[in-house]
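A short worksheet on the structure shown next.
In this text, all values refer to a predicted model and were calculated from it rather than measured experimentally. Heads up: numbering here begins at 1 and tracks the sequence. Every number for a ligand or one of its atoms is a count from 1 in the order of the listing.
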Amino acid sequence: MQYRDFGNTGLKISALGFGSMRLPEKDGHVEQDKAIEVIHRAFELGVNYIDSAYFYNHHESEVVVGKALKGWRDKVTVSTKNPDSSADADKWRTVLDEQLTKLDVDRIDVYHFHGINWKVFEEKMTRPDGCLKAARRAQDEGLFTYLSFSFHDSPENLIRLVDTGEFTSVTCQYNLLDRANEPGIARAHEKGMGVVIMGPVGGGRLGAPTAGIRDLLPAGSASTPEIALRFVLSNPNVSCAISGMENLQMVEENCATASREESLSTDELAAMQAAYEEKKKLAELYCTGCRYCMPCPHGVDIPENFSVMNTYRVYGLLDHAQAEYRDWMTEQKQTAAFCQECGECEPKCPQKIPIVAQLKETEAALGKGAKKD
Ligand code: SF4
Ligand code: SF4
């Protein structure tokens, strides 16, 4: 396993982190023995960073992670996320206390505000009774060590959040299909922050390469998940890539990839970059992600819906897009399903995208009623 600096903290973390959002389930509950076996195999192979969140696996992930940590606690960096960034300090603190109980630890190592954006930071978190103050109090009490955030907003706002200087690390999206956060990742690294990447191999669902994905890969390359992970780890500004691993095979394969010393060659990266630019042009015919249409009064994250839809439209990855959309749907009410067709967004779109109609297509293709491929 490769180990990398977690920013300027002095901590060395494994290049591959365990994402515990897709623990194996049966009848709507985590299969605990199976999940713990998978997590332990990752620890045995050198993974020393595990990431969870309050909502993962229907609120069960943290409990299972806590059980898996028995006997491993002092060797593993534990990360989780509080979803109540808009709430007042008391509510936010209640969630933290509950998470410490679920994880059965005295202290969390890396504690995130989950999925924040600039507006929430500016208008809610930094209020006198907001959760940023509560977080600093909890940190002083020793309930967590490093303050972090995960992020769903524009790439420009990632840089703004990094520049606040409030955070030790950031967890954000970055992968073969979506490189928009690259400048923010570079800025975070330059500022001495740890950078953790989520979704490096599309939650393991980039397994069977479609024609659209094959166009991106260097000739004669190995499996798509392997290249996808190597691509993320070839970025020297990245500390760790977390992958949601559901079974032992995924753990073995991802650990083998993260143990390779060599990243992709300059030629391979250049070829991938050129192919990516072509795909990006195609994706931008649908939506450039400028966010001028936002906010939606009903909470729909319009560009995020189109970004997920594009993994299907542009790359042909229906399974991946459906899984991402449905995971998201269970966590936050921002999917196309919540569009009330008020029409407020459409006049603001410089691309003149028929937003309502395309959101309907998105829900039809990816939502609960959609057919599996
Ligand atoms: S039409 Fe739909 S997406 Fe657009 S602003 Fe109204 S509810 Fe939001
Ligand atoms: S304004 Fe149009 S192009 Fe910009 S994010 Fe919204 S839908 Fe996409």
Side-chain angles (χ1 to χ4, degrees), residues 83 85-86 115-124 149-162 170 172-185 187 198-199 202 212 276-318 320-322 324-370:
S85 309
S86 301
I116 62 170
N117 55 45
W118 178 255
K119 194 170 157 55
V120 164
F121 178 82
E122 203 181 26
E123 294 179 7
K124 303 274 176 67
F149 67 98
S150 69
F151 166 83
H152 289 287
D153 196 352
S154 66
E156 296 72 35
N157 283 342
L158 172 57
I159 293 175
R160 291 173 90 181
L161 284 164
V162 163
V170 54
C172 65
Q173 288 278 352
Y174 174 57
N175 61 48
L176 204 53
L177 311 182
D178 180 5
R179 305 180 198 176
N181 286 333
E182 223 160 60
I185 288 168
R187 177 73 71 101
M198 48 188 174
Y276 172 73
E277 292 300 335
E278 284 300 308
K279 294 285 179 197
K280 193 161 163 260
K281 273 188 220 149
L282 187 56
E284 286 179 355
L285 291 180
Y286 297 115
C287 171
T288 60
C290 68
R291 300 185 77 85
Y292 291 144
C293 54
M294 294 291 284
C296 156
H298 298 281
V300 177
D301 190 326
I302 299 163
E304 191 63 28
N305 277 278
F306 291 159
S307 165
V308 178
M309 183 64 172
N310 277 344
T311 61
Y312 167 45
R313 277 194 289 217
V314 179
Y315 298 101
L317 292 166
L318 182 59
H320 169 61
Q322 285 182 337
E324 199 175 327
Y325 188 83
R326 288 170 193 177
D327 280 356
W328 185 34
M329 189 155 47
T330 55
E331 282 184 26
Q332 291 170 31
K333 295 181 176 176
Q334 295 177 328
T335 62
F338 294 89
C339 172
Q340 304 296 312
E341 303 183 29
C342 70
E344 202 176 290
C345 52
E346 290 195 355
K348 297 187 220 160
C349 176
Q351 307 294 107
K352 310 230 176 316
I353 288 172
I355 293 175
V356 175
Q358 290 209 7
L359 285 174
K360 274 191 185 166
E361 279 174 32
T362 302
E363 170 61 19
L366 309 182
K368 275 201 178 119

For [atom], find the nearest protein heavy atom and state the residue, atom name and distance (0.1 Å precision).
atom                    : answer
atom 5 (S) of ligand 2  : R291 N, 3.1 Å
atom 4 (Fe) of ligand 2 : C290 SG, 2.3 Å
atom 2 (Fe) of ligand 2 : C349 SG, 2.4 Å

Below 4.0 angstrom from a heavy atom of [X], which ligand 2 atoms are there? Numbered from 1 as shown, please.
X    : answer
T288 : 3 (S)
C293 : 1 (S), 5 (S), 6 (Fe), 7 (S)
P303 : 5 (S)

Legend entry - Side-chain donor-acceptor pair present, E363, Y325, cut-off under 3.5 Å: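 Distance-only check passes for E363 and Y325.
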Inset, instruction - Give every residue pair that meets the salt bridge (charged side-chain N to carboxylate O under 4.0 Å, His left out) criterion with at least one member in residues 339-356, sequence neighbours excluded. - result: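 Sorted result for residues 339-356: E341-K360.
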Inset, instruction - Scan residues 285-296 for pairs that pass salt bridge (charged side-chain N to carboxylate O under 4.0 Å, His left out), counting only residues two or more places apart or in two chains. - result: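 Pairs touching residues 285-296 that pass the test: D153-R291, R291-D301.
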Inset, instruction - Write down the atom of C293, the atom of C345, and the distance for their closest heavy-atom approach. - result: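 Looking at all heavy atoms of both residues, the shortest contact is O-CB, 3.9 Å.
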Inset, instruction - Tell me, please, which residues at least two apart from F121 pass ring pair (Phe, Tyr, Trp, His ring centres under 6.0 Å). - result: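 Result, ring pair (Phe, Tyr, Trp, His ring centres under 6.0 Å) vs F121: W118.
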Legend entry - Closest candidate by heavy atom, reference atom 8 (Fe) of ligand 2, pool S154, P347, G289, C287: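 Looking at heavy atoms only, C287 sits closest to atom 8 (Fe) of ligand 2.
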Inset, instruction - Please confirm whether the backbone N or O of P303 pairs with a side-chain atom of S307, one donor and one acceptor, at under 3.5 Å? - result: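 Checked: no pair found.
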Legend entry - Flag, side chain of N117 to backbone of V120, donor-acceptor distance under 3.5 Å: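 Checking the backbone N and O of V120 against the side chain of N117, a donor-acceptor pair under 3.5 Å is found.
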Legend entry - Protein N/O/S atoms closer than 2.8 Å to atom 2 (Fe) of ligand 1: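 Near atom 2 (Fe) of ligand 1, the protein supplies C339 SG.
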